[in-house]
Structure formats: C-alpha cells, structure tokens
Amino acid sequence: RKEVEQDPGPFNVPEGATVAFNCTYSNSASQSFFWYRQDCRKEPKLLMSVYSSGNEDGRFTAQLNRASQYISLLIRDSKLSDSATYLCVVNTYGNTGKLIFGQGTTLQVKP
Amino acid sequence: DAGVIQSPRHEVTEMGQEVTLRCKPISGHDYLFWYRQTMMRGLELLIYFNNNVPIDDSGMPEDRFSAKMPNASFSTLKIQPSEPRDSAVYFCASSLRGFREGYSGNTIYFGEGSWLTVV
C-alpha cells in the first residue's frame with residue numbers, strides 16, 4: 001500500500017463547478033499536511049497547508065480527518081486556470097525533512 | 001530573490017554515460033532535497049540533506065546514484081552509468097526548516113527540474 005494515495009482522475013468539470021479531491025495516508029503518526037499544485041511540465045508549488053481544524057483560502061478549502069486518515073481539497077467556482085494536477089503531501093516522520101507526495105489528481109476545467 | 005537553480009534543464013545522453021545534475025538552493029535554506037518524477041511512480045524523494053549532511057538516502061535507487069553537497073550553496077546528483085530507465089525529471093528543492101505541525105508557513109521550493117533522457 002502506498003503511503004499517500006490519491007485518485008488520479010482526471011476530473012473533468014465545467015467552469016463554475018465545485019470539485020472535491022480526497023487523499024488517504026497510511027501512517028497515523030503523520031503530522032503535517034499540504035496540497036501542492038503542479039502545472040503541466042512545471043515544478044510543484046505549495047497551494048496550501050492543511051490545519052487540524054480545517055482552513056480556507058479564497059475558493060479553496062482543505063480539511064483533515066485524523067481518525068480516518070484522509071485529507072480533502074474543495075475547489076468552489078472552478079476557473080479554467082485551476083486546471084492542473086493537485087498533489088497531496090504528508091510529512092510522515094514528524095520533525096524531519098521527509099515529505100511524501102501522492103501521485104496527484106488531475107483536474108481539467110472546461111469552458 | 002533567486003529561486004532554486006538547476007542545471008542542465010534538459011539532457012539527452014547515451015546509455016552508459018555519466019550524468020551530473022547540479023543544484024543551487026535558495027540562500028539560507030538548511031534543507032536540500034533531490035526528487036525524481038516519472039509518470040509511473042510519481043514524485044519520489046531520492047535523498048535529502050540538512051546543513052550539508054545527508055540525512056536520508058533510502059530513496060536512492062541503487063549504487064549507480066550518488067549525491068553530494070560540498071557546501072551550503074551547491075549540490076550534485078550523479079548517475080554512473082546511466083540507463084534508459086533513469087529517464088525522468090529530477091527536481092532539486094530546498095526549505096528553510098524541517099516540517100512540523102505549527103510551522104504552517106514553511107514550504108519546500110522546487111527548481112524547474114532537469115529533464116533527463118537516456119537513450
């Protein structure tokens with residue numbers, strides 16, 4: 001079983017739609033969680049951190065469920081520019097530098 | 001400020017040749033990471049350094065791969081001899097500190113990647 005698992009998609013949605021991605025992680029000792037965005041042929045970039053209480057940044061909402069060991073990302077009012085691959089990222093070893101990346105979920109927003 | 005700088009951006013080499021990828025992290029960052037990305041396996045951590053010291057190299061696929069960080073502003077990833085299955089995008093990344101809940105603003109900054117093709 002992979003340490004971080006995501007549905008690869010692709011998710012094809014129309015502009016303005018709401019779309020949600022889920023991610024599960026296997027290590028219950030994981031402490032830090034993030035969503036990264038990667039555009040085609042580009043490097044990954046931080047989209048947002050995921051806090052225990054859940055957090056929102058504009059049209060993006062991230063949730064963490066420690067009991068079920070999953071993380072979610074909700075995108076409201078999708079824009080064409082949201083088309084990208086979204087990577088779920090977990091720091092599995094606490095206070096160290098090791099980030100584990102999921103395979104990513106591809107989103108395609110269509111006009 | 002300059003971001004993470006990698007070179008070369010693209011390299012095509014023949015099987016059996018030595019490949020050296022270079023990285024300059026963001027000034028002042030204590031951590032440096034080498035990742036490899038392929039369609040099949042996604043983004044894999046190969047090795048990371050803290051204050052120029054290798055901390056975890058468990059992701060290095062085999063002895064053909066080696067990485068060094070002789071000083072805080074430079075790192076290399078070497079493949080010798082290269083094989084076609086090494087074809088991938090190799091990302092170098094750096095961060096200011098390790099990852100711990102509460103350090104909400106910390107992140108890892110990636111270079112643009114070195115696109116390696118071994119034929």
Side-chain angles (χ1 to χ4, degrees), chain A residues 1-10 23 25 27-57 62 64 66 71 84-106, chain B residues 3-6 9-10 23 25-26 29-60 69 88-115:
Chain A
R1 182 186 174 190
K2 293 180 180 176
E3 292 186 74
V4 180
E5 294 202 64
Q6 296 180 250
D7 178 351
C23 161
Y25 59 94
N27 191 328
S28 59
S30 299
Q31 293 193 14
S32 301
F33 309 90
F34 310 88
W35 282 101
Y36 275 68
R37 170 187 169 135
Q38 186 172 23
D39 292 298
C40 187
R41 301 184 69 80
K42 296 290 189 181
E43 72 275 20
K45 293 182 179 179
L46 177 68
L47 177 66
M48 59 195 302
S49 300
V50 185
Y51 306 148
S52 297
S53 56
N55 49 296
E56 188 173 304
D57 182 1
L64 168 64
R66 286 188 184 272
I71 308 151
T85 296
Y86 291 84
L87 302 164
C88 175
V89 186
V90 174
N91 171 223
T92 302
Y93 296 99
N95 187 20
T96 66
K98 193 164 186 172
L99 287 182
I100 307 297
F101 284 74
Q103 289 271 88
T105 298
T106 299
Chain B
V4 176
I5 299 172
Q6 292 187 244
R9 290 293 316 281
H10 299 272
C23 176
I26 294 173
H29 281 192
D30 294 336
Y31 286 79
L32 183 138
F33 310 82
W34 283 101
Y35 282 87
R36 177 174 69 176
Q37 188 172 38
T38 61
M39 288 291 292
M40 291 296 295
R41 301 174 68 90
L43 201 58
E44 303 172 281
L45 177 64
L46 300 178
I47 185 171
Y48 78 90
F49 297 83
N50 179 210
N51 292 322
N52 312 339
V53 176
I55 301 301
D56 185 343
D57 65 355
S58 59
M60 296 285 263
M69 191 166 186
V89 184
Y90 291 81
F91 287 106
C92 178
S94 70
S95 73
L96 184 58
R97 57 170 72 96
F99 304 101
R100 189 169 64 196
E101 191 171 30
Y103 287 171
S104 59
N106 191 33
T107 185
I108 177 174
Y109 295 89
F110 286 83
E112 293 182 312
S114 291
W115 296 70

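Proteins get letters first, then strands, A, B, ... in listed order; numbering begins at 1 in each.
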### Task
Kindly give the heavy-atom pair with the smallest separation between B:His10 and A:Arg41, and that separation in Å.
CE1-NH2, 4.5 Å
### Query
Which residue out of B:Phe91, B:Trp115, B:Phe110 racks up the most heavy-atom pairs below 4.5 Å with chain A?
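Top count of heavy-atom pairs under 4.5 Å with chain A: B:Phe110.
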### Rounded distance (nearest 0.5 Å) linking atom CZ of A:Phe101 with atom CD of B:Glu44
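Taking CZ in A:Phe101 and CD in B:Glu44, the distance rounds to 12.5 Å.
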### Message
To the closest 0.5 Å, what do you measure between CZ (B:Arg41) and CD (A:Gln103)?
### Response
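Rounded to the nearest 0.5 Å, the CZ-CD separation comes to 9.0 Å.
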Please classify the contact between [X] and chain A as side chain, backbone, both or neither, with a heavy-atom cut-off of under 4.5 Å.
| X | answer |
| --- | --- |
| B:Leu43 | both |
| B:Tyr35 | side chain |
| B:Ser94 | neither |

### Query
Under the 3.5 angstrom rule, does the side chain of A:Tyr36 hit a backbone N or O of B:Ile108 as a donor-acceptor pair?
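Side chain of A:Tyr36 to backbone of B:Ile108, a donor-acceptor pair under 3.5 Å: yes, one is there.
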